[in-house]
Amino acid sequence: MKFVLIFGPQAVGKMTVGQELAALTELKLFHNHMSIDLVSHFFAYGTSEGNRLVHLFRQEIFESVAKSNLHGLIFTYVWAFNLQEDWEYVEKISDIFKKQGGTVYYVELEADLKERLLRNKTPNRLEHKPTKRNVDWSEAELRSSLEKYRLNSNEGELQMENYLKINNTSKSPAEVASIIKEKFQL
């Protein structure tokens with residue numbers, strides 16, 4: 001069992017890289033908006049009940065996949081490095097797979113703001129993430145998060161065994177997926 005956690009700020013390309021990586025491997029993609037957008041039909045994004053349900057769905061999927069005979073899972077996540085609860089969440093979901101004998105791979109993406117603002121309104125993103133279709137709201141949220149959160153790690157901060165950081169500002173999703181596949185022999 002392989003668990004690939006792709007993380008980075010909004011619109012950095014996590015889902016699109018995950019789509020390409022899934023196409024190159026036997027891994028299934030579970031991008032973070034699959035649960036967010038499902039719950040948003042009932043409870044607004046960020047509400048306590050919405051957050052509870054998103055976490056519940058994710059937990060059940062992680063546990064079921066970790067115990068299954070699937071080859072593995074790709075999950076995308078926006079990790080706020082200045083929030084202790086995000087560190088704890090990454091450890092918690094990683095442990096689900098490790099306890100079942102799985103291997104966890106950590107892939108951090110970073111790209112400059114100008115590129116992320118362009119990616120924020122790509123057709124692929126808007127097709128797969130209904131809550132991002134209000135582009136003005138989405139861009140405002142992206143910009144405001146820069147003031148509240150640190151969404152990329154500092155040099156040397158992450159010491160995981162299977163860790164890779166890629167600046168994908170000028171790289172295609174297919175190129176990034178190939179780098180990940182080769183690095184971790186997926």
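FYI, the numbering just counts along the sequence from 1.
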Asks: For residues Met160 and Val107: do they belong to one hydrophobic cluster (side chain heavy atoms under 4.5 Å, members Ile, Leu, Val, Met, Phe, Trp, Tyr)?
Replies: no

Asks: Give a yes or no on this: more than 12 heavy atoms of other residues, nucleotides or ligands lie within 6.0 Å of atom CD of Glu91.
Replies: no

Asks: Of the non-hydrogen atoms in Asp86 and Ala80, which two are nearest, and what is the gap between them?
Replies: OD2-N, 2.7 Å

Asks: Looking at NZ of Lys99 and OG of Ser94, how far apart are the two atoms once the value is rounded to the nearest 0.5 Å?
Replies: 11.0 Å

Asks: With a 4.5 Å limit on heavy-atom distance, are the side chains of Pro9 and Arg116 in contact?
Replies: yes

Asks: Spell out, as yes or no, whether a donor-acceptor pair under 3.5 Å connects the side chain of Asn154 to the backbone of Glu157.
Replies: no

Asks: Hey, what do you get for CD1 (Ile180) to CD (Gln185), rounding to the nearest 0.5 Å?
Replies: 13.5 Å

Asks: Main chain of Lys171, side chain of Asn168: is a donor-acceptor contact present, judged purely on distance under 3.5 Å?
Replies: no

Asks: Which heavy atom of Gly18 sits nearest to which heavy atom of Ile74, and what is that distance?
Replies: O-CD1, 3.7 Å

Asks: If we only count heavy atoms from C-beta on, is the His71 to Met1 side-chain gap below 4.5 Å?
Replies: no

Asks: Testing the basics here: between Met15 and Arg125, what is the closest heavy-atom pair and its distance to 0.1 Å?
Replies: CE-CA, 4.0 Å

Asks: Determine the minimum heavy-atom distance between Gln59 and Glu63, stating which atoms define it.
Replies: NE2-OE2, 2.6 Å

Asks: Do Arg58 and Val54 touch side chain to side chain, with heavy atoms closer than 4.5 Å?
Replies: yes

Asks: How many angstroms lie between atom CD of Glu26 and atom CG of Leu186, to the nearest 0.5 angstrom?
Replies: 11.0 Å

Asks: Find the distance between NZ (Lys121) and CG (Asp136) and round it off to the nearest 0.5 Å.
Replies: 9.0 Å

Asks: Taking atom CD as the centre, does Glu161 end up with more than 12 heavy-atom neighbours from other residues, nucleotides or ligands that are less than 6.0 angstrom away?
Replies: no

Asks: Write down the atom of Thr169, the atom of Ala111, and the distance for their closest heavy-atom approach.
Replies: OG1-CA, 3.0 Å

Asks: Run His31 and Lys129 through side-chain contact (heavy atoms from CB on, under 4.5 Å) and show every step you take.
Replies: CA-CA 10 Å; His31 68 79; Lys129 298 182 177 184; 4.3 Å; yes

Asks: For Glu20, give me all partners under salt bridge (charged side-chain N to carboxylate O under 4.0 Å, His left out), at least two apart in sequence or on another chain.
Replies: none

Asks: Is there a donor-acceptor contact under 3.5 Å from the side chain of Ser40 to the main chain of Asp37?
Replies: yes

Asks: Distance-only, no hydrogens or angles: does the Thr25 side chain make a donor-acceptor pair with backbone N or O of Leu21 under 3.5 Å?
Replies: yes

Asks: Assess the residue pair Phe30 and Ser35 against the criterion (side-chain contact (heavy atoms from CB on, under 4.5 Å)); give the C-alpha distance rounded to whole Å, side-chain angles, the decisive distance to 0.1 Å, and a yes or no.
Replies: CA-CA 9 Å; Phe30 178 33; Ser35 52; 4.3 Å; yes

Asks: Is the shortest side-chain heavy-atom distance between Leu73 and Leu27 below 4.5 Å?
Replies: no

Asks: Decide whether Met34 and Phe3 are clustered together by the hydrophobic rule: side chain heavy atoms of Ile, Leu, Val, Met, Phe, Trp, Tyr closer than 4.5 Å, transitively.
Replies: yes

Asks: Please check if the number of heavy atoms outside Gln84 that lie under 6.0 Å from its CD is greater than 12.
Replies: yes

Asks: When you measure from the side chain of Ser64 to the backbone N and O of Ile61, does any donor-acceptor pair fall under 3.5 Å?
Replies: no

Asks: Are Glu139 and Lys132 ion-paired here, with the side-chain N under 4.0 Å from a carboxylate O?
Replies: no

Asks: Output all residues satisfying ring pair (Phe, Tyr, Trp, His ring centres under 6.0 Å) with Phe7, sequence neighbours left out; order by chain, then residue number.
Replies: Trp79

Asks: Checking Tyr89 against His55 for the ring pair (Phe, Tyr, Trp, His ring centres under 6.0 Å) test, could you report, in this order, the C-alpha distance in whole Å, the side-chain angles of both residues, the deciding distance, and whether it holds?
Replies: CA-CA 10 Å; Tyr89 183 70; His55 286 287; 5.1 Å; yes

Asks: Any side-chain heavy-atom pair from Glu108 and Ile166 closer than 4.5 angstrom?
Replies: no

Asks: Does any N or O in the side chain of Asn162 come within less than 3.5 Å of the main-chain N or O of Phe184, such that one atom is a donor and the other an acceptor?
Replies: no

Asks: I'd like to know if the side chain of Thr16 reaches the main chain of Gly13, judged simply by a donor and an acceptor atom lying under 3.5 Å from each other, with no hydrogens or angles considered.
Replies: no

Asks: Are Phe57 and Phe62 connected into the same hydrophobic cluster when the rule is that any two of I, L, V, M, F, W, Y join if their side-chain heavy atoms are below 4.5 Å apart?
Replies: no

Asks: Do Tyr77 and Val90 make a side-chain contact, defined as non-hydrogen atoms from C-beta onward lying under 4.5 Å apart?
Replies: yes

Asks: When rounded to the nearest 0.5 angstrom, what distance separates CG in Asp95 from CD in Gln100?
Replies: 11.5 Å

Asks: Quick check: does any side chain N or O of Asn152 sit under 3.5 Å from a backbone N or O of Leu109, one acting as donor and the other as acceptor?
Replies: yes

Asks: With a cut-off of 6.0 Å (strictly less than), are more than 12 heavy atoms of other residues, nucleotides or ligands near NZ of Lys165?
Replies: yes

Asks: Below 4.5 Å, heavy atoms only, C-beta onward: do Ile93 and Phe75 meet side chain to side chain?
Replies: yes

Asks: Check the pair Tyr106, Leu164 against side-chain contact (heavy atoms from CB on, under 4.5 Å), reporting the backbone distance first and the verdict last.
Replies: CA-CA 6 Å; Tyr106 302 90; Leu164 176 63; over 6 Å; no

Asks: Answer with yes or no whether the hydrophobic clustering places Leu146 together with Leu117; edges join I, L, V, M, F, W, Y residues whose side-chain heavy atoms lie under 4.5 Å apart.
Replies: yes

Asks: Ion pair present between Glu88 and Lys92, side-chain N to carboxylate O less than 4.0 angstrom?
Replies: no

Asks: I want to know whether Tyr105 and Tyr163 have ring centres closer than 6.0 Å.
Replies: no

Asks: Backbone N or O of Val12 within a donor-acceptor pair of the Arg119 side chain at under 3.5 Å?
Replies: yes

Asks: Do Leu53 and Ile36 share a hydrophobic cluster (ILVMFWY, side-chain heavy atoms under 4.5 Å, transitive)?
Replies: yes

Asks: Calculate, to the nearest 0.5 Å, the distance between atoms CG and CZ belonging to Asn120 and Arg143 respectively.
Replies: 9.5 Å

